[in-house]
Amino acid sequence: MDSFEWLNGYKVGFGLHHVDFNNPNRPRTPKYSAHYYYQVMKDNGFPLTEDEKMIYGHFRKEFIWSTATASYQIEGGWRADGKGLSIWDKFAHTPLKVFNDDNGDIACDSYNKIDEDVAILKQLKVTHYRFFISWSRVLPDGTTSHINEAGLSYYDRLVKALLAANIQPHITLYHWDLPQALQDIGGWENDDIVGKFRDYADLIFSRLGHNVKHWITINEPYNIAMVGHGYGVAAPGINFRPGTLPYIVGHNLIKAHAEVWHLYNDKYRAVQKGIISITINSDWSEPRNPYKQEDIDAARRVVQFYIGWFAHPIYNGDYSDVMKTIIRERSLAAGLTKSRLPEFTPDEIKRIKGTYDYFGFNHYTTVLAFPVNFGDLSHYDADRQARTVVDRTWLDSGSGWLKITPFGFRRILNFIKEEYGNPPIIITENGVSERGPIDLNDNHRTYHYEKYINQVLKAYLQDNVDIRGYTAWSLMDNLEWATGFSERFGLFYVNHSDPNVPRVKKASVSTYSTIISCNGFPDPASGPHDCLKPEPEGKLI
Ligand code: NOJ
């Protein structure tokens with residue numbers, strides 16, 4: 001138990017049990033470590049846990065095996081073809097200096113490298129490629145008053161090159177690079193954007209839709225609402241904006257998504273025969289101390305305020321009771337006349353509910369939650385009444401927020417199944433970063449993909465979660481938003497010191513392509529499997 005630690009007195013506690021020295025009875029409370037040590041003794045060691053065990057088996061036939069990039073993160077050439085300014089051009093050109101010169105950056109130069117990009121996709125053996133259209137490349141001022149045909153033709157050529165290689169495009173309409181002209185009139189805070197987004201989507205469906213079967217309206221609305229990507233001043237650490245703003249932005253994003261889903265459903269689906277949804281991102285949250293009810297409750301709130309913020313209105317109808325009740329109570333307690341969380345009208349609730357064909361899901365990591373009480377402060381942490389930390393034993397990545405936590409993946413997939421009516425799920429992003437010196441032998445990424453995808457297989461085979469596809473983020477190292485090129489998520493390394501920015505494969509390429517060839521993890525006990533044999537180098541491209 002915590003006790004008198006010599007020169008440090010009672011300030012340092014070595015105990016498996018906490019002792020309350022302010023209470024004359026000196027009550028002892030087991031810490032998490034006490035429970036853990038108990039288990040070690042009980043097991044007489046460290047048997048593999050269910051979470052750690054690998055399983056063998058296959059995904060369904062026709063499984064979508066994909067990888068992704070995003071327009072702003074790879075394309076470059078922002079002035080080359082008459083593209084309009086986006087909020088990211090404005091932000092990234094000044095403080096980040098990630099660009100080559102003032103006339104426009106080349107990023108990964110994908111704008112000029114369709115053939116190279118398709119070649120590395122073939123090397124990976126993916127069945128699908130998830131990419132994004134830059135709104136401001138196609139509509140320089142955000143409206144259909146001027147269509148940039150040169151920009152549109154880039155996406156048309158890309159789609160055709162993919163189809164020729166037998167790779168299906170999976171296209172997202174909005175991935176954060178809002179046209180600056182729309183930001184100038186309030187961006188996502190102004191509900192005029194709903195109609196503008198619809199017009200933009202209409203143009204894209206009419207021009208590209210005959211060749212595209214998979215669509216996503218908006219990528220990661222949570223980050224648009226929370227991290228500043230919706231405000232034209234994206235910057236690291238601008239989390240937790242005060243007051244109502246994130247909720248207003250979130251509200252407009254949900255409405256914009258729903259309108260575009262209806263547009264596709266009413267006008268295009270019958271002819272184009274595709275499917276369309278939104279991609280929602282979320283961490284999984286565990287209680288910091290699984291033996292404490294208040295931590296268990298905090299973990300639930302974290303998930304409801306994260307995935308639930310957007311999934312509840314779309315899959316179940318309206319914001320969750322948890323969000324509505326807590327935010328209303330806290331708003332009224334702070335003297336406001338109504339909740340900071342906007343309300344949907346009954347008609348809006350009906351129009352939004354069910355606007356999905358699948359659950360598009362981005363997932364990277366797990367956090368540990370515990371309750372906090374911020375009084376009547378009006379920011380997001382205060383509303384959800386929780387903070388999160390990580391377990392310091394979890395493996396690190398190149399991104400501070402991303403710890404390698406495969407177990408959480410299976411749990412949140414089960415949560416989606418239970419909470420949102422067992423929708424078909426397409427995992428639209430998952431992956432890991434590195435930073436520092438270039439090392440093409442990216443063991444940690446191999447480890448990450450094997451463990452995370454194996455958890456997906458468990459969710460599919462053992463828990464009957466309806467999983468239709470998996471997408472690795474990312475095809476190649478690219479501009480990781482506010483952190484520039486220093487955090488690298490790619491299966492392929494992009495050498496920026498060479499003007500041709502060549503793509504060079506990392507070791508994890510063969511891991512991922514083998515999992516794809518095997519459509520899962522064949523049991524080594526059942527003999528040699530052809531899919532495990534490496535292909536001779538020459539045949540790859
Ligand atoms: C989410 C985003 O969609 C993508 O743009 C970003 O690079 C990755 N996650 C990694 O942070």
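In what follows, residues are counted from 1 in the order of the sequence shown. Both ligands and their constituent atoms are indexed starting at 1 by order of listing.
Looking at E429 next to ligand 1, an N or O pair under 3.5 Å apart turns up.
In summary, E434 and K506 engage in a salt bridge, as defined by a charged side-chain N under 4.0 Å from a carboxylate O.
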Applying ring pair (Phe, Tyr, Trp, His ring centres under 6.0 Å) to H496 and F485, what does each step give before you reach the verdict?
CA-CA 9 Å; H496 288 277; F485 288 106; 4.3 Å; yes
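Heavy-atom proximity to W176, at under 4.0 Å, picks out these atoms of ligand 1: 2 (C). Atom numbering of ligand 1 starts at 1 in the shown order; those under 4.0 Å from a heavy atom of W401 are 11 (O).
When the heavy-atom distances from atom 6 (C) of ligand 1 to R130, E480, H363 are ranked, the shortest goes to E480.
Residue contacts with ligand 1 for E220 involve side-chain atoms from C-beta outward but no N, CA, C or O (heavy atoms, distance under 4.0 Å). Counting heavy atoms closer than 4.0 Å to ligand 1, residue N223 contributes nothing at all. Neither the backbone nor the side chain of F132 comes within contact range of ligand 1; no heavy atom lies under 4.0 Å.
Contact analysis leaves E487 out of contact with ligand 1, as no non-hydrogen atom separation drops below 4.0 angstrom.
Side-chain atoms of Y174 and W188 form a donor-acceptor pair, as typed in the model, at a separation below 3.5 Å. In summary, the side chains of N422 and D466 do not present any donor paired with an acceptor at a separation below 3.5 Å, with no hydrogens or angles considered.
Looking at R130, its side chain never comes within 3.5 Å of a backbone N or O of T69 through a donor-acceptor pair.
Because its NZ or CZ atom is both nearer than 6.0 Å to the ring centre of F370 and within 45° of the ring axis, R288 counts as a cation-pi partner of that residue.
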